[in-house]
Structures are given as C-alpha cells and as structure tokens.
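The model shown is predicted, which means the values in this text are computed figures rather than measured ones.
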Amino acid sequence: MNRATSNLNPFKTFFDDVGNFVKEHYPVIILCVLGFIAVSVINFFDITMTQTISSYHIEEFEVGQIADRTIFAPKTIPADEMNPVFIEEGEKIIRKGFPITEEGYAKLQKMAESPIYLDYRQFANSELFVFLLASMWVLLFTCVPFNRKIHLREMVFQVICFVLVFACITFGTKHQYFSEPFTMLVIIPASLMILMDAILYGQLSAIFFSFIISFGVFNAAGYEIAPFLFTLSTSLASSIIVRKIEKRMDMILVSALLAVFNLVTVVILAVIFNEQLLHLPVILVGVALNGFLSGILTLALLTPVELILNTASIFRLVDLSDTNTPILKKLYQTANGTYNHSMNVGILAENACREIGSNGLLAKVGAWYHDVGKMDQSEYFTENQIDGINPHDKIAPTLSASILRSHVKKSVEMARQMHLPKQVIDIIEEHHGNSIMAWFYTKAKELDPNVNAIDFMYPGNPPSSKEAGVVMLADTVEAACRSLDNPTEERLEKFISKLINDKMEHGQLDCCALTFSDLNRIKASFVKFLVGFYHNRVKYPNQKDPDEKEVQKTDVKNSSDNSETAEKADKPVKSEKKSAILGDKTLNEVKLHG
C-alpha cells in the first residue's frame, strides 16, 4: 500500500505543478489559445483555397505524365454543368506507372475543386506545428528570467504581430509572383514587428520573438528553408541594430542598415542554395525596400502604438526626461527641495543602473517623477522645511504617518492622469515598498504601546524590477546622507552599506532580482557620486568667512571710535600721500620693500 502511494506521489506532484502553473499564468494561456485559434482559421482557409488530391497538389500532375502513385476516388461525385465528369466511389483515377489520360486528369481536377476533398492531413500537420510553437512561446515568456515584470499587453502585442505576419505570408503566396521561396522574401514584414518589439520591450524580448516569428514563417511558407533563414537573420539583426538608438532620427540610419543587410542576406542564400534566379535584381530591390520601409513604418507607427500599450520606449523616456515638462516645472515652483532631491535621486539611479546593465533612463525618469505627490503638502517633508520649522512637532505621529503615506498614492494618481508608462508608474508605486516609517512608529509607540504597525507602513509593494529597486535605494541614500556629518568616503561607504542592509533585512529587495554583485556595484556608484557631491572645497589664500569679516569690521569701528583722540595724541602726524593705503601696506612701505 505504501509502495503504491509512493509510486503515485510523482504523478500527484507533476499534476500539482501543472495546476499551479496554470493558475499563475492563466491569462497568458488564454491569450495563447486565442492566438492559436486565429492561426487555425488562417490555416483552414489556406487549405481550402489550395487544390489538393489526397495530400498532393494538382500542379504535380499533367496529361501524358507517368503517374508515380495510384489514386482512388474516396467518394462518388456526380457530373455537373461546369465539369460533366462522373466519378464513382472506389474508382481508380490514375494508375502508378501508366501515363495520365485527359479523362483521368479531368477527374483529378474535379476531385481537387470539390470542397469535400479538404486535405485534413495537411491541416492537422500545420495545427500540430503551431501548437508546439505556441507551447514554446508560453514557456519562453513565463519560465525564462527577464529580470523585469512581463506585462500581458506585451504578449498581446506579440500575438497580434505573429498573426499578421502569418496571414501576410499565407495569403501573399497565393499570388503567382510570390509563390516561389525567394520571391516571397519581399513580402515578409517580420523586421517591422521585431523593430517595434525591441524598442517597446527591449532586446531580449525581441530576440526570443525573432525565433517564434521565424518558425511561424517556416510553417506559413510550406516549410521552405530559405524564408525561414531570411526571417531569422533579419529579425535578429533588427533586434540588435536598435539596441543603442536614442533619437527618433536614428531610425533613418537603422532603415538604411536593414536595407543593406537584407541585400547581403539574399545574395548569400542564393549562393548557398545555388538558385538561378532570373528575377534576382527585382528581388534584391524588393528586399532592400522591405528593410528600409520597416524602419520608416516603425517610426511612423511607434507613437500611437506606445500610447495604446502605455509602454516606456526609449523615445518616450527621452521626452519625459525633459525638465521643461509642465509637471516638473510646477514641482520646482511649489516644492523646490523635493525637486532637487528628485534630480539627485535620478542621477544616482541612472548611474547605478548603467553599472549593473539595467535601463538607466527608465530609472532616471521614474526617480524624477516619484515624489510629484508631495506638491500638495510640501511643508511636511524635510527637504522643503526652512529654518528648522517642522509641522510634525505639532501633530500626532499617526497623522504625520498618514500625510507621508498619502504622497505615494497621490504620485501614482497624478502619474496615471498624465498617462505615464506603466513601468514608470510601477517605480513610483514601489519606491517605498511596504516599509515602516520607523521614526514615527517609535514615537507613537512611546505614547501608546498597543499602536498598530500597519498604520505606519507605506501602501506600496516591494520593488518588482531592478530599476525600481535601484530607485528605492537611491531615494533612501540621498535623503539619509543629507544628515551625515563630515561625509568622507569611508563614512559614506559604511553608512550606505548600513542603509542597503536594512532594506535587505526588511525584505524590500526580495522581488527585484538584484544580486549581491549588483548591490556592491550600486553601493560603489552611490559612494562615487556622493563623495564628489559632498567633497570639501579648497580654501584659497587670504579667504575669510564673510560672517567673520563683518564681525571684525564692527569691532574695529567701535574701538576706533572710542580711542580716536588717544591715537591722535600718541601717533605722529603723517602726510596724506604717505598714509595712502595699498592693500594692508602703505605706499612708502611698498616703495621701500620693492
């Protein structure tokens, strides 16, 4: 009995794991099923529009040809006006080793045109291939660590792009000119889709999607290897070329590079497959135009697509990093201290993200907008307080905590009203995590030992991306180091290490995929910046404190007024010329000493 139970345990564990996977990723699975259905519909129309006889194309036969197989009629088909040929069930239409007669060819054609002869085997093979491809897509985008949160809208975008490319190849090859493996390369829009995916969601996502879309083209193109290799190479090239672009005008250069790459790829494939192409010049012009238009159309379609998907492309982040945006101007006018704090946090976060290979521009934009909710009650935040006037001294700790907690919610609401990208909103919402405001909690506990710690927790979740984790650390470090006396490099390094360790101990960095190596690089980046920011200035010769100088002037004036008569009696009278002053020496002294 125990042995039977032990044998069943692996199966139970397997089904439990599958169930948990489905529960966790059911939106992705539903999306995958919908995409599979869309591709299946395209496949069905493709099969019904293709003239086939028992899994063979009608184009393979002609009158007088020696048949290489024997074909029987599976069903009786009566004669009609369009084709007055009668076919009886079980009749031998053509016979292997014998020439095909005109009557036999007419019967083959009638069978091909009849809808009852849908090639179910070909349809089933295509469906099985697409099912395996969909399974691979789900596993790639759910099991491979991307070091960031994968949003459902990203997968929706990829499914739509895949269906469009699949439909374009399936129906485009129905045209006689594009039916050959090399001529169909002209109408493959894979580069356009990969360029948009790479700009919107990053290079890693685009590389994975390149393989998925290439296998989709392989299926739609009738399992021809040339279209598959062309799509894979140009898709990978597209995902790499746009890796470091920063301005929209850079897409012109990307378009030109893709056009050249497409030309070279087609020439190489033609040499490899020893293709004698009469229309090769036309094909070369077509694929070059394909690559160039892919870049231009990406530039044209990117703005509406990124607004619909509300994503953080490089171009949109550059626009948001302009300090002349209305919200940042208002922040500067109403909460100048918060504005300066946000700018410094942005610099810290951007430099640290570059050190660990994350999106520094996203981190900077998230840091610049993370405290916009402080504008309504700016005087309650330390960086905006003047002359040591702290409004929290006059209110209860619970009310103070409530005011501080509210700035996160207000910042998120304002970000949504401005339609900021989802990744930026996530950083704003997670920059305090669910940490406790320790100072106010301790103060409240002194007044009431039974106080609830939840009332002093920030309302967000711990950071879910590396960029959000870096912004949290930068925000904490920048604010805390302001109060550090004598901020030398050694003191800054120890203090920052303590702040980072505190965040780790309280579980605030558990979900953002930051490694210990990343944290060491982040700390070093913070120290490097803050040492330069807080370094002691060189004191120039004869430089005096302005306050000290004013005091000395006042003291000298008072003493000179009180002893003016005595000085006149004790000192000999000097001529006005000799008493002329140059610096702190008389003119005579200057002449005497050169």
Ile496 vs Cys481, side-chain contact (heavy atoms from CB on, under 4.5 Å): CA-CA, chis, key distance, verdict: CA-CA 8 Å; Ile496 292 172; Cys481 287; 4.3 Å; yes
Trace of the side-chain contact (heavy atoms from CB on, under 4.5 Å) decision for Phe182 with Phe273: CA-CA 10 Å; Phe182 275 82; Phe273 292 101; 4.3 Å; yes
Residues Thr515, Asp518; criterion side-chain hydrogen bond (donor to acceptor under 3.5 Å, both in side chains); working and verdict: CA-CA 5 Å; Thr515 64; Asp518 291 338; 3.1 Å; yes
Verdict with reasoning, Val424 to Met418, per side-chain contact (heavy atoms from CB on, under 4.5 Å): CA-CA 11 Å; Val424 175; Met418 293 183 290; over 6 Å; no
Working for side-chain contact (heavy atoms from CB on, under 4.5 Å), residues Asn434 and Gln508: CA-CA 7 Å; Asn434 55 4; Gln508 298 301 307; 2.7 Å; yes
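Using a 4.5 Å heavy-atom threshold, the side chains of Ser233 and Phe261 count as touching. Residues Glu127 and Phe123 have side chains in contact (heavy-atom distance under 4.5 Å, counting atoms from C-beta outward). Between Phe529 and Leu492 there is no side-chain heavy-atom pair separated by less than 4.5 Å. Considering only heavy atoms from C-beta on, Val267 comes within 4.5 Å of Leu284 through its side chain. Side-chain contact between Asn359 and Gln423: absent, with no pair of heavy atoms (C-beta onward) separated by less than 4.5 Å. Side-chain contact between His407 and Tyr458 is present, with heavy atoms from C-beta onward closer than 4.5 Å. Looking only at side-chain heavy atoms (C-beta outward), His506 and Ser435 stay at 4.5 Å or farther from each other. Between Ile212 and Gln158, the closest side-chain pair of non-hydrogen atoms is not below 4.5 Å.
Atom CG of residue Leu200 and atom CZ of residue Phe315 lie 10.0 Å apart, to the nearest 0.5 angstrom. To the nearest 0.5 Å, atom CG of residue Leu473 and atom CG of residue Leu519 are 7.0 Å apart. Distance check: Ile42 CD1 to Ile37 CD1 gives 12.5 Å after rounding to the nearest 0.5 Å. Note that CG of Leu258 is 8.0 Å distant from OG1 of Thr234, once rounded to the nearest 0.5 Å. Within the model, atoms CD1 of Ile356 and NZ of Lys466 stand 5.5 Å from one another, a figure rounded to the nearest 0.5 Å. With rounding to the nearest 0.5 Å, the separation of CD1 in Ile427 from CG in Asp475 is 12.0 Å.
Counting non-hydrogen atoms of other residues, nucleotides and ligands closer than 6.0 Å to CZ of Arg405 gives a total above 12. Counting non-hydrogen atoms of other residues, nucleotides and ligands closer than 6.0 Å to NZ of Lys410 gives a total above 12.
For Glu355, there are no salt bridge (charged side-chain N to carboxylate O under 4.0 Å, His left out) partners, not counting sequence neighbours. With sequence neighbours left out, Val156 forms a side-chain contact (heavy atoms from CB on, under 4.5 Å) with Leu31, Leu152, Ile160. Checked against salt bridge (charged side-chain N to carboxylate O under 4.0 Å, His left out), Lys523 has no partners two or more places apart in sequence or in another chain. Listed by chain and residue number, His175 satisfy the ring pair (Phe, Tyr, Trp, His ring centres under 6.0 Å) test with Phe178 (two or more places apart in sequence, or in another chain). Contacts of Tyr201 classified as ring pair (Phe, Tyr, Trp, His ring centres under 6.0 Å), with partners at least two apart in sequence or in another chain: none. With sequence neighbours excluded, the residues forming a side-chain contact (heavy atoms from CB on, under 4.5 Å) with Ile240 are Gln203, listed by chain and number. Qualifying side-chain hydrogen bond (donor to acceptor under 3.5 Å, both in side chains) partners for Asn461, counting only residues two or more places apart in sequence or in other chains: none. Evaluation of the ring pair (Phe, Tyr, Trp, His ring centres under 6.0 Å) rule for Phe166 yields no partner, not counting sequence neighbours.
Put simply, the side chain of Ser214 gets close to the backbone of Leu232: a donor and an acceptor are under 3.5 Å apart. Under the 3.5 Å distance criterion, the side-chain polar atoms of Ser321 are matched with a main-chain donor or acceptor of Val318. The backbone N or O of Gly360 sits nowhere less than 3.5 Å from a side-chain atom of Arg354 that would complete a donor-acceptor pair. Side-chain atoms of Ser255 come within 3.5 Å of backbone atoms of Met251 as a donor-acceptor pair (strictly under, hydrogens ignored).
Pairing each heavy atom of Tyr369 with each of Ile428, the nearest pair is O-CD1, 3.6 Å. The minimum heavy-atom distance linking Thr323 with Lys329 is given by the pair O-CG, 4.2 Å. Smallest separation of non-hydrogen atoms from Ser464 and Ala468: N-CB, 4.4 Å. Annotation for Tyr177 and Thr183: closest pair O-OG1, 2.8 Å, computed over non-hydrogen atoms. Annotation for Asp322 and Leu328: closest pair O-CD1, 3.7 Å, computed over non-hydrogen atoms. Scanning both residues, Ala363 and Val471, for their nearest heavy atoms gives O-CG2, 3.5 Å.
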Considering only distance and modelled atom types, tabulate donor-acceptor pairs under 3.5 Å from the side chains of residues 216-231, sequence neighbours left out.
unit_1, atom_1, unit_2, atom_2, d
Asn219, OD1, Ser126, OG, 3.2
Asn219, ND2, Ser126, OG, 3.4
Asn219, ND2, Tyr223, OH, 2.7
Thr231, OG1, Pro227, O, 2.7

Just distance, no hydrogens or angles: give the donor-acceptor pairs under 3.5 Å from side chains in residues 372-381, sequence neighbours left out.
unit_1, atom_1, unit_2, atom_2, d
Lys374, NZ, Asp371, OD2, 3.1
Lys374, NZ, Glu383, OE2, 3.0
Ser378, OG, Thr334, O, 3.4

Side-chain donor-acceptor distances from residues 295-308 under 3.5 Å, at least two apart:
unit_1, atom_1, unit_2, atom_2, d
Thr298, OG1, Ser294, O, 2.6
Thr303, OG1, Arg248, NH1, 3.4
Glu306, OE1, Ser313, OG, 2.3

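Under the 30°/60° scheme for interplanar angles, the aromatic rings of Phe129 and Phe215 are found to be tilted.
Side-chain N/O atoms of Asn336 and Asn340 include a donor and acceptor closer than 3.5 Å. Counted by atom type alone, Asn262 and Thr265 present zero donor-acceptor pairs between their side chains at under 3.5 Å. Judged purely by distance below 3.5 Å, without hydrogens or angles, the side chains of Asp197 and Ser205 pair a donor atom with an acceptor atom.
Within the structure, no pair that satisfies the salt bridge (Lys or Arg N to Asp or Glu O under 4.0 Å) test touches residues 159-169, not counting sequence neighbours.
With ring centers used as reference points, His341 lies under 6.0 Å from His370.
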